[in-house]
Amino acid sequence: MHHLAMATQSTAKPARLTAETAHESTPSLDANRARRLSRDTIQLRCLTPADGHHVTDLLGRLSQQSRYQRYFRLIRTLAPADVARFVALSPDHLAVGAFDGNLLIGAAQYFRLSGRPEHAEVALEVADSHHRRGVGARLVRELARLAAAEGITHFTATVLAENRPVLELMRHSGWHIATTPDGTYSDVVVTLPPELVGAGAGCACASRAS
Ligand SMILES: CC(C)(COP(=O)(O)OP(=O)(O)OC[C@H]1O[C@@H](n2cnc3c(N)ncnc32)[C@H](O)[C@@H]1OP(=O)(O)O)[C@@H](O)C(=O)NCCC(=O)NCCS
């Protein structure tokens, strides 16, 4: 959870949000339906080393608060080595990205723990413009399916104890969650459900290194 970092808020909304606004203005379409339609425009895929510039851009789409919640400090840029680490492909690391058109608007990744290979540390972030649209939950589910296929049974994370959004997101997953408060932080352990193992990869990861 301590690995990576990102910048300030985005001003321009992605093009697809224009369509969403049109849906919301349709009297016969309630807010929930419009929200589901907006989710349908988001595509998930595994990130590869060619996606480094998307990762750099995503940092710029996080508010200061989101950056702090994600990286525990107000970083402005990601070092090239951190970007490379973010998009690296290996049996011990994978990042899934959520794209709205050509814009990376969210990412989740895991790093397998060297001493406990069935456990992996996870981190995720979603651009503030796209919060509360189900993107974070989709990313975690997709990452979990891919991790389970690699023999990972547990996700771990250290989060700010005050980070209600991510704690609620984990609880909302329906999976078994153990949370241990540790002052400013909380340690979270998620037990991935057995049915995920063998479910197969669910996103376009054809370019993933074997
Ligand atoms: C945490 C984060 C990834 C959630 O992403 P998101 O796409 O907004 O989350 P979702 O829309 O998928 O929310 C799924 C569920 O999580 C819970 N949740 C999410 N945001 C919440 C909030 N602000 N308050 C309360 N519950 C929240 C809800 O139960 C929600 O379901 P609902 O919308 O049907 O009620 C996002 O807030 C973020 O990027 N935060 C900054 C980075 C960070 O904190 N990362 C975690 C540490 S690595």
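All residue numbers in this chain count up from 1 along the given sequence. Whatever order the structure lists ligands and atoms in, that order sets their numbers, starting from 1.
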Study note, to complete from the structure: If you compare S66, S63, G134, A157 by their heavy atoms, the one closest to atom 41 (C) of ligand 1 turns out to be S66

Review point. Which one of N102, V87, V83 satisfies the side chain to side chain contact (heavy atoms under 4.5 Å, CB included) criterion with H54?
Key: N102

Check your understanding: Mind checking whether V159 has an N or O less than 3.5 Å away from an N or O of ligand 1?
Key -> no

Exercise for review: Considering only NZ, NE, NH1 and NH2 on the basic side and carboxylate oxygens on the acidic side, decide whether R133 and D100 come within less than 4.0 Å.
Suggested key: no

Exercise for review: Identify which of R141, M170, E168 has a heavy atom lying nearest to atom 17 (C) of ligand 1.
Suggested key: E168

**Study point:** Option of least heavy-atom distance to atom 24 (N) of ligand 1 (set: Q69, Q65, R132, Q109)
**Key:** R132

Review point. Hey, any chance L113 and F86 share a hydrophobic cluster, counting ILVMFWY side chains that come within less than 4.5 Å of each other, even indirectly?
Key: no

Check your understanding: Would one find an N or O of L124, backbone or side chain, under 3.5 Å from an N or O of ligand 1?
Key -> yes

Revision key, fill the gap. Checking heavy atoms under 4.0 Å, the part of N163 that sits near ligand 1 is side chain

Check your understanding: Which ligand 1 atoms does E125 reach within 4.0 Å, using its non-hydrogen atoms?
Key -> 39 (O)

Review point. Do you know the tightest heavy-atom contact between L104 and G106?
Key: CD1-O, 3.3 Å

Review point. For ligand 1, is any non-hydrogen atom under 4.0 Å from H172's backbone (N, CA, C, O), its side chain (CB onward), both, or neither?
Key: side chain

Check your understanding: Just which atoms of ligand 1 are under 4.0 Å from any heavy atom in V135?
Key -> 7 (O), 12 (O)

Check your understanding: Going by the angle between their ring planes, with limits at 30° and 60°, are H154 and H119 parallel, tilted or perpendicular?
Key -> parallel

**Study point:** Expected output: side-chain R70 to main-chain E125 donor-acceptor under 3.5 Å
**Key:** no

Check your understanding: Does any N or O atom in G136 lie less than 3.5 angstrom from one in ligand 1, N or O only?
Key -> yes

Can I get a per-line list of side-chain donor-acceptor pairs under 3.5 Å for residues 160-167, giving both atom names and the distance, sequence neighbours left out?
residue	atom	partner	partner atom	Å
N163	OD1	V166	N	3.4

Practice item. Provide the closest heavy-atom pair for V126 versus L62 in the form atom of the first, atom of the second, distance. Key: O-CD2, 3.4 Å

Exercise for review: Check the pair D128, S66 against side-chain hydrogen bond (donor to acceptor under 3.5 Å, both in side chains), reporting the backbone distance first and the verdict last.
Suggested key: CA-CA 7 Å; D128 288 59; S66 290; 2.9 Å; yes

Practice item. Any atoms of ligand 1 less than 4.0 Å from a non-hydrogen atom of H131? List them with their elements. Key: 8 (O), 36 (C), 37 (O), 38 (C), 39 (O)

Exercise for review: List every atom of ligand 1 that sits less than 4.0 Å from any heavy atom of A137, numbering the atoms from 1 in the order shown and giving each element.
Suggested key: 12 (O)

Check your understanding: What pair of heavy atoms forms the shortest contact from V135 to H130, and how long is it?
Key -> CG2-O, 4.2 Å

Review point. Is any N or O atom of V122, backbone or side chain, closer than 3.5 Å to an N or O atom of ligand 1?
Key: no

Practice item. Check ligand 1 against V166 and write out every atom of the ligand that is under 4.0 Å from a heavy-atom position of the residue. Key: 1 (C), 46 (C)

Review point. Less than 3.5 Å between some nitrogen or oxygen of R133 and one of ligand 1, yes or no?
Key: yes

Check your understanding: Is R70 close to ligand 1, meaning an N/O of one under 3.5 Å from an N/O of the other?
Key -> no

